[in-house]
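Encoded as structure tokens, the structure appears first; notes follow it.
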Amino acid sequence: MSEQRFGEWVAVRRHGHVAELVLDRPKAMNAVSSELAARLAEATRALGEDDSVRVVVLTSTHERAFCVGADLKERNSFTDADLSRQRPHARAAYTGVLELPMPTIAAVHGFALGGGFELALSCDVIVADATAVVGLPEVSVGVIPGGGGTQLLPRRVGAARAAELIFSARRVEAEEAQALGLVDQLVPEGQDRVEALALASRIAGNSPVGLRAAKRALRLGHGLDLRAGLEVEDAAWRSVAFSGDRAEGVAAFNEKRKPEWPGH
């Protein structure tokens, strides 16, 4: 396993074709400061340009938290001008995760609140352990979810459920979070990272061209009417139908062997 650091608080660890994007600011429960946001944006840019990465898993090194959201201690010292200057950097961090072209999995334990939950929501799949506590409490401190929460949560659980959760600012524990669809897989305490990496490894065995095209179709087609969505799907199909991966996949199936994906 190799590791590349992006500043002090963000790392990328490679496990073959799986990249682990690590939040590593333990003294602040991974609170998203200006510096952490900038480095997270930098790391996601690098991952997005790396064709050898088939799946990304977002993890935390803190024992009791995935990420507690915006660094409110830093924000307390901000002028209005400081806050305006920080906004593009904060957005780049959240959209950096959201716009990764390959499948993404969040491994959540402990607190995933505010921007921390928004980072998880930016991933395609959320694996949470029994200690997970999620929520978007921003209105309780005078703001709104600004890392994608008002748009991503209703796409996950519906408009009325998202409104109740955002307006109440309440925290949701693991079992209810799974029941409401706030997380996708619930695993035993301490197993979120292991299970997320295992899922990523299974996904990474599939065609990298197919995975990226499938994600593109899922993301671009969501919210469109059926006819328009099927056109998005057809365009994605055409992007893979004549690829080396498609030829290799068909050949491997007929030859009863494991495919060796060319990745193009």
Side-chain angles (χ1 to χ4, degrees), residues 1-63 65-71 74-75 85-128 145-149 152 192-194 196-201 203-204 208 211-212 215-216 219 263:
M1 181 184 71
S2 63
E3 179 175 294
Q4 180 182 3
R5 302 294 301 192
F6 292 84
E8 184 180 357
W9 297 325
V10 176
V12 171
R13 299 171 181 164
R14 289 298 299 267
H15 310 267
H17 291 293
V18 174
E20 183 182 359
L21 179 57
V22 186
L23 303 176
D24 187 24
R25 193 188 177 196
K27 291 183 180 179
M29 290 187 168
N30 295 323
V32 182
S33 64
S34 300
E35 172 64 15
L36 190 148
R39 300 291 78 78
L40 186 57
E42 182 183 349
T44 55
R45 281 194 298 270
L47 287 168
E49 294 168 358
D50 190 339
D51 290 337
S52 70
V53 176
R54 297 181 187 174
V55 188
V56 172
V57 180
L58 182 60
T59 69
S60 160
T61 61
H62 197 282
E63 292 183 355
F66 174 72
C67 173
V68 294
D71 187 339
E74 179 187 64
R75 292 273 182 93
R85 280 192 292 269
Q86 188 207 37
R87 179 60 176 165
H89 300 291
R91 287 197 69 187
Y94 296 109
T95 58
V97 175
L98 182 65
E99 294 179 358
L100 282 168
M102 68 288 289
T104 52
I105 303 168
V108 173
H109 59 266
F111 298 111
L113 301 172
F117 188 38
E118 287 172 309
L119 287 173
L121 290 171
S122 296
C123 295
D124 299 303
V125 178
I126 302 174
V127 176
L152 294 170
D192 54 293
R193 177 178 177 271
V194 170
L197 287 171
L199 174 59
S201 180
I203 292 171
L211 289 172
R212 291 183 181 220
K215 176 164 179 171
R216 193 162 62 248
R219 286 287 178 90

Can you measure from CG (Leu119) to CG (Leu152) and round to the nearest 0.5 angstrom?
-> 10.5 Å
On a heavy-atom basis, the closest approach of Val108 and Ala120 is CG2-CB, 4.0 Å
Quick one: do the Arg13 and Thr59 side chains pair a donor with an acceptor below 3.5 Å?
-> no
Considering non-hydrogen atoms only, spot the tightest contact between Pro103 and Ile203 and give its length.
-> CG-CG2, 4.2 Å
For residues 85-93, which side-chain donor-acceptor pairs fall under 3.5 Å, sequence neighbours excluded?
residue, atom, partner, partner atom, Å
Arg85, NH2, Asp82, OD1, 2.6
Gln86, OE1, Arg75, NE, 3.0
Gln86, OE1, Arg75, NH2, 3.4
Gln86, NE2, Ser34, OG, 3.1
Gln86, NE2, Glu74, OE1, 3.3
Arg87, NH1, Gly146, O, 2.9
Arg87, NH2, Gly146, O, 3.0

Hey, is the main chain of Val12 close enough, under 3.5 Å, to the side chain of Gln4 for a donor-acceptor pair?
-> no
Check: Asp192 side chain, Ala128 main-chain N or O, donor-acceptor pair, under 3.5 Å | no
In Å and rounded to the nearest 0.5 Å, what is the CG to OG1 distance from Asn30 to Thr61?
-> 5.5 Å
Are the side chain of Arg193 and the backbone of His109 linked by a donor-acceptor contact shorter than 3.5 Å?
-> no
Can you tell which of Val97, Val56, Ile105 makes a side chain to side chain contact (heavy atoms under 4.5 Å, CB included) with Cys123?
-> Val97
Kindly say whether Ala31 contributes a backbone atom to a donor-acceptor pair with the side chain of Arg25 at under 3.5 angstrom?
-> yes
Do the side chain of Lys215 and the main chain of Pro101 share a donor and acceptor less than 3.5 angstrom apart?
-> no
So CG of Leu40 and CG of Leu58: to nearest 0.5 Å the spacing works out to 7.0 Å
Measure the shortest side-chain to side-chain distance between Ile126 and Phe117 over non-hydrogen atoms and say whether it is less than 4.5 angstrom.
-> yes
Locate the shortest heavy-atom distance separating Gly149 from Pro145; write the atom from each residue and the value.
-> CA-CB, 4.0 Å
How long is the gap from CE on Met102 to NE2 on His17, to the nearest 0.5 Å?
-> 12.0 Å
Take Cys67 and Val32 through the test side-chain contact (heavy atoms from CB on, under 4.5 Å) and record every step on the way to the result.
-> CA-CA 8 Å; Cys67 173; Val32 182; 3.7 Å; yes
State, with a plain yes or no, whether a side-chain heavy atom of Met29 is found less than 4.5 Å away from one of Leu113.
-> no
Which atom names give the shortest non-hydrogen contact between Ala204 and Arg54, and what distance separates them?
-> O-NH1, 2.8 Å
Under a 4.5 Å cut-off applied to non-hydrogen side-chain atoms, are Pro208 and Asp51 in contact?
-> no
Looking at side-chain heavy atoms only, is the closest gap between Leu23 and His62 below 4.5 Å?
-> no
Passes side-chain contact (heavy atoms from CB on, under 4.5 Å), Glu99 versus Thr44? Steps please.
-> CA-CA 9 Å; Glu99 294 179 358; Thr44 55; over 6 Å; no
Check: Leu197 main-chain N/O paired with Ser201 side-chain donor or acceptor under 3.5 Å | no
Determine the minimum heavy-atom distance between Val57 and Ala107, stating which atoms define it.
-> CG1-CB, 4.4 Å
Separation of Leu47 CG from Glu42 CD (nearest 0.5 Å) = 11.0 Å
Stepwise side-chain contact (heavy atoms from CB on, under 4.5 Å) test for Val53 and Arg14 | CA-CA 9 Å; Val53 176; Arg14 289 298 299 267; 3.6 Å; yes
Where Phe66 and Ala112 come nearest, the two heavy atoms and their spacing | CD2-CB, 3.9 Å
Between Glu35 and Arg39, is there a salt bridge with N-O shorter than 4.0 Å?
-> yes
Just by distance, do the side chain of Ser33 and the backbone of Asp71 share a donor-acceptor pair under 3.5 Å?
-> no
